Structure formats: C-alpha cells, structure tokens
There are 2 protein chains.
Amino acid sequence: MATSLAEENYLKIIYRLCEGTKEDISTNSIAELTNNKAASVTDMLQKLAEKGWVTYQKYQGVRLTNIGESIALSIIRKHRLWEVFLVEKLGYNWDEVHEIAEQLEHIESETLINKLDSFLDFPKIDPHGDPIPSQEGEIPELGYLHLSEVKLNETCTLMGVAKDSAVFLQLLTKLNLSLGARLEVLEINTFDRSVSLKIAEEKPIFISHEVAKNILVKI
Amino acid sequence: MATSLAEENYLKIIYRLCEGTKEDISTNSIAELTNNKAASVTDMLQKLAEKGWVTYQKYQGVRLTNIGESIALSIIRKHRLWEVFLVEKLGYNWDEVHEIAEQLEHIESETLINKLDSFLDFPKIDPHGDPIPSQEGEIPELGYLHLSEVKLNETCTLMGVAKDSAVFLQLLTKLNLSLGARLEVLEINTFDRSVSLKIAEEKPIFISHEVAKNILVKI
DNA sequence: ATTAATTTTTAGCCTAGACTAAAAATTAAT
DNA sequence: ATTAATTTTTAGTCTAGGCTAAAAATTAAT
C-alpha cells in the first residue's frame, strides 16, 4: 500500500519513540516531535490504524505493527544511506546533512536505494554512527555504551551520537570530538556528573553529563 | 517565495510548452501533460498568475514571466543533474532514470545541487543529450539538427534525443543507436520519409520519419 | 452571419492533513 | 473518593489541489 509523506513522517517518529520503551506511545509525545497539535495526531493515528500500520486504542496510546515497523525501517535506511552519500561523496559535514536527508528519505524507488547502497560500498553506519538497517529491516547490533556509563580511568572509542541536532554536532566538532576519537575518562564530578576527558594526547576537556549521555562509545 | 510540488510541476510543463512556440499556451495542452482536467489547470493558472510566475488572461492562454522561467530552469537543472548522477554513478540505463529524476528534482537545497554539479564534474548535457542549465539559468546552445533534416549521404554524430520516453529510448538501444554514434544517411524514402542509415561500419538499418525527427545530431 | 463545435471558466464538491475550541477520559492531588 | 489538572478525542473549520457539471467565450463551419 502506498504511503504519503505525512504518513511516513508519523511512522518514523513513532518508531523512534517506541525504540526507547516497552510502553505504548502517547499522542502528546508524537505531537511534539511532528510539530503538530494533539488533535491532528489523533486523526492520523486513526488512519494509520485503519491501514494496519499501528495498533491504537483510544486514550491508551499506540504501537507499530510489524508492517508499520518495516515501513519505518525502510525510511530510516534511506535516510541514513543518503546521509552517508552527502558526507562521503559530496563533502558535507555531519551537522549539515539532516534536513536534506529528511527530504531524500521519501524518494520512492527500491532499485535506487539498493544501487546507492552498493555505490557507497554497503556502509553499516551513517555519519553519526547510527546503524543502517538492511533491506530486510535488520539493524546491525553495535553494542555501544553511552559515554556517561563509562567508568573512571577507562579508555574508549567514540563510535556515534545519540542525538543528531546541528547544535550538538557543532559543539562536538568544536571540542574536537569526532568519530573514532580515543577518549580517556579522567574525572567524573559527583556534583553534576560532568566529565573530564583526555582526547588522544591532547590536553583534557570538560563536558556536561548531558553531552556525555549523547555520546556513544565502544570500550 | 516557496514553491509547492504541484506548482513546480506546472511551471516545468509550461516551460516545455513555451519552448516550441511564440504563442501563448493553451489550458488544454497543460491539462494533457499534467494529467489533470482543464478546470483544475485554470485554477492553478490563476494562482500562478497571483504569484507573478505567469502572465495569464482568461481564454487567452498563458506565458511564463522571467521569474517563472527561472524557477522552471532550476527544476530542469536539478532534473538533468540527477539523471547524470543516476546513469554515471549508479549505473542506470538512459531509459530508466526519468521517473526517479521526477522525484529528485523537487529536493530543495541550493548547496546540494551545486555540490552534486561539482561531484559530477560540471556536465553540460544529461544522458539524453539535453543541455543542463547553469545556476544562472543559462542553457548551453548546442546547435543540434534533427536527423530528419540531414541531407542524403551526409554523415553526422548522434548527440541527443528530442523525446525521452522509455519506449523510444529502448527502441534506440535495440537499434544500437547510442550517444556518440556516427551515422550516414544512405537513403531517404520519398513515400514515407523513412530513412536508411549506416551506423559506423555495421550493416544498414531502417528507421521511420517519426524516429528520425526525435534524434538530434551534429554534422 | 448564424449555428455548431470546441475550449475555457465558474460553481460547487471532495479528500488529505492541518487547525481551534469544547467535550470526554484519564491521572494526580488533596 | 472527590476534585483538579492533564491528556486525548470529537466536532467543526480551513487550505491546497484535485474533480464534475454547467455556463460562457472562442473558434470553426455552414
């Protein structure tokens, strides 16, 4: 069944909200991320339920069905592959590609996305370290930790980010934190859980807990 | 001012219809190419006129203004650059790229299209030999003839096509007629104006006047 | 120069997807 | 266990961009 642009955006956002939790997703949380009003969301949830892409009970929240999830995954796959293209082939920075990929992810062509995948040499992660779902909807399990979970004096490698807003990515860039950086946790402030880090052989930097939470690393 | 997808498609089609003629364009001809009904076209023409992209007088047809033309040219530029990308980088055939480029041409990002242009090495023509407008809306003048205009016994080079429907392109491919082929006009049938051609050193082929009309060549 | 045929426009209707305001259900707080 | 606060849904409106049917203008044909 064909999906409209609006439907695809809802499914993608519901997927993101489902990821974190076992609970059903609230109308309001969807309204926030789609930048729509709750009433509009209710409307759309009823349509999506009709089409069999979500299970939805009045006042009780919403979940993706298997079909809904596979649609969401195919959009995420397209989004992330296009991001790789924009960074690797066209020379964009990692903080510049989100908006454009938001448009490109809706281009409809099965062959296109597979040819693109092959052209890019079948990347497993996008420029933010997020895994790229396979054509079958499988997500490579990367087993990353949040930097905020790493113990004192441990060393790890920066593998990705849990948030790809431009301001956050620009902050990391300014701090010289980029994919692949070797990080040593020098200090964890008990008061505010801010972290002191050594990047490779450079002099230490401080980051807030909020930043540490959104950095993904591998030990 | 922002352009919607529907508006962009109208402008593009009006541009194509204007190209051929000095006359104003009829509502019906637009309806045919957009696959809409005449009544819908009238509606849209009034909106486009409001926005200053066409000049339009009831019952008297329509023309693009300078602004309208520059919008149309930027869409055509995007369409043709994406076609080059699809063929050169992703390995599509020339008869497979139209539909996908119809979608990609609406992606909105000035930087994207210029980075793409540079990535493709600033091509002057698309995979069908059509000129690619510059960022400033200039169209490289190629001075091609229709094969149907070439005189008996003259030799020419196939530079492009005047029609890029998949069936036409597939026919050319089957006849071994591709961009750059050297063609010698062996015979022109006065009865139906069909043409006998020699391609390079191979044995002659016959094509109809209709086909010859849609092949662009350089002497 | 009328009449006939064709083209174009108007008028009114439809759907998708948004909105606001008000009603209903759920959750939290006394 | 009520009341209050919050969340969600319903009901009704709006706009973009289509549609059909009928009216008006233009063009063609006698």
Side-chain angles (χ1 to χ4, degrees), chain A residues 1-14 17-18 20-64 68 71-72 75 102-103 105-106 108, chain B residues 1-14 17-18 20-64 68 71-72 75 102-103 105-106 108:
Chain A
M1 206 187 310
T3 49
S4 73
L5 199 145
E7 288 166 345
E8 292 191 357
N9 282 329
Y10 274 95
L11 291 174
K12 192 181 56 170
I13 275 164
I14 296 169
L17 290 166
C18 279
T21 171
K22 211 66 225 163
E23 313 268 305
D24 284 11
I25 301 313
S26 77
T27 303
N28 256 357
S29 62
I30 298 170
E32 226 174 289
L33 290 194
T34 54
N35 288 312
N36 289 325
K37 295 303 159 78
S40 313
V41 174
T42 299
D43 267 10
M44 182 57 91
L45 293 182
Q46 291 168 347
K47 286 177 202 162
L48 295 177
E50 283 267 313
K51 299 206 176 190
W53 298 335
V54 300
T55 57
Y56 164 66
Q57 311 224 74
K58 274 192 192 185
Y59 295 100
Q60 305 306 312
V62 78
R63 292 200 73 69
L64 289 177
I71 298 172
I75 298 162
E102 289 280 300
Q103 296 182 62
E105 72 190 5
H106 302 291
E108 190 184 298
Chain B
M1 206 186 311
T3 47
S4 73
L5 199 146
E7 288 167 345
E8 291 191 356
N9 282 329
Y10 273 95
L11 291 175
K12 192 181 56 171
I13 276 165
I14 297 169
L17 290 166
C18 280
T21 171
K22 210 70 224 162
E23 312 270 306
D24 285 12
I25 301 312
S26 76
T27 301
N28 255 358
S29 63
I30 298 170
E32 225 173 290
L33 290 195
T34 54
N35 287 313
N36 290 326
K37 295 303 159 80
S40 313
V41 174
T42 300
D43 268 11
M44 181 57 91
L45 293 183
Q46 290 168 347
K47 287 177 201 162
L48 295 177
E50 284 267 315
K51 299 205 174 190
W53 298 334
V54 301
T55 56
Y56 165 67
Q57 312 224 71
K58 274 192 190 184
Y59 295 101
Q60 305 308 313
V62 78
R63 291 200 75 68
L64 290 176
I71 298 172
I75 299 162
E102 289 279 302
Q103 296 182 64
E105 73 191 5
H106 301 291
E108 190 185 296

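Letters A, B, ... are given to chains in the order of the sequence lines, protein chains preceding strands, and every chain is numbered from 1. Just so it is clear, the structure is predicted and the values come from calculations on it, not from any experiment.
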Rounded off to whole Å, could you give me the CD-to-C1' distance for the B:Gln57 and D:dT26 pair?
15 Å

If you measure from CD on A:Glu32 to OG1 on A:Thr27, what distance do you get to the nearest 0.5 Å?
12.5 Å

In whole angstrom, give the distance that lies between atom OH of B:Tyr10 and atom C1' of D:dA16.
11 Å

Out of D:dC19, C:dC19, C:dG17, whichever nucleotide has its closest atom nearest the side chain of A:Lys47
C:dG17

Nearest whole angstrom, please: distance from the C1' of D:dT7 to the CG of A:Leu45.
13 Å

Atom-to-atom span, CD of A:Glu50 to P of C:dA16 - whole angstrom:
11 Å

Determine the contact category for B:Thr27: base if any of its heavy atoms lies under 4.0 Å from a base atom, sugar-phosphate if only primed atoms, P, OP1 or OP2 are that close, otherwise nothing.
sugar-phosphate

Value rounded to 0.5 Å, distance of CD1 in B:Ile71 from CE in B:Met1:
8.0 Å

Secondary-structure notation, DNA chain D, from Watson-Crick and G-U pairs under 3.5 angstrom (| other strand):
||||||||||||||||||||||||||||||

Phosphate-side-chain proximity, B:Ser40 and D:dG18, N/O vs OP1/OP2 below 4.0 Å:
no

Let's see if you can work this out: which of C:dC19, D:dC19, C:dG17 has an atom nearest to the side-chain heavy atoms of A:Asn36?
C:dC19

Locate the shortest heavy-atom distance separating B:Ala31 from B:Val41; write the atom from each residue and the value.
CA-CG2, 3.6 Å

Under the side chain to side chain contact (heavy atoms under 4.5 Å, CB included) criterion, do B:Asn9 and B:Glu105 qualify, and how do the steps go?
CA-CA 10 Å; B:Asn9 282 329; B:Glu105 73 191 5; 3.8 Å; yes

Do the side-chain N or O atoms of A:Asn28 get closer than 4.0 angstrom to the phosphate oxygens (OP1, OP2) of D:dT8?
yes

For A:Ala6, answer base if it contacts any base atom (sugar-phosphate contacts may also be present), sugar-phosphate if it contacts only those atoms, and nothing otherwise; contact means non-hydrogen atoms under 4.0 Å.
sugar-phosphate

Reckon B:Gln60 has a side-chain N or O less than 4.0 Å from the OP1 or OP2 of D:dT26?
yes

Rounded at 0.5 Å granularity, tell me how far OH in A:Tyr56 sits from CD1 in A:Ile25.
13.5 Å

At what distance, to the nearest 0.5 angstrom, does CZ of A:Arg63 lie from CD1 of A:Ile14?
11.0 Å

Check whether any side-chain N or O of A:Tyr59 sits under 4.0 Å from OP1 or OP2 of C:dA23, and answer yes or no.
no

Distance, rounded to the nearest Å, where B:Tyr56 contributes OH and C:dT7 contributes P
16 Å

Whole-Å distance, B:Gln46 CD to C:dT9 P, equals 7 Å

B:Gln57, CD atom: more than 12 neighbouring heavy atoms under 6.0 Å
no

On the nucleotide C:dT10, are OP1 or OP2 found under 4.0 Å from the side-chain N or O atoms that B:Thr42 carries?
no

From CG of B:Asp43 across to C1' of C:dA11 the rounded distance in Å is 10 Å

Please report the distance, rounded to the nearest Å, between CE in B:Met44 and P in D:dC19.
11 Å

Could you tell me whether the phosphate oxygens of D:dA21, OP1 or OP2, come under 4.0 Å of any side-chain nitrogen or oxygen in B:Lys37?
no

Do A:Thr42 side-chain atoms and A:Ala38 backbone N/O form a donor-acceptor pair below 3.5 Å?
yes

DNA chain C nearest-nucleotide lookup for A:Ser4 and A:Lys58: closer to the 5′ end is A:Ser4

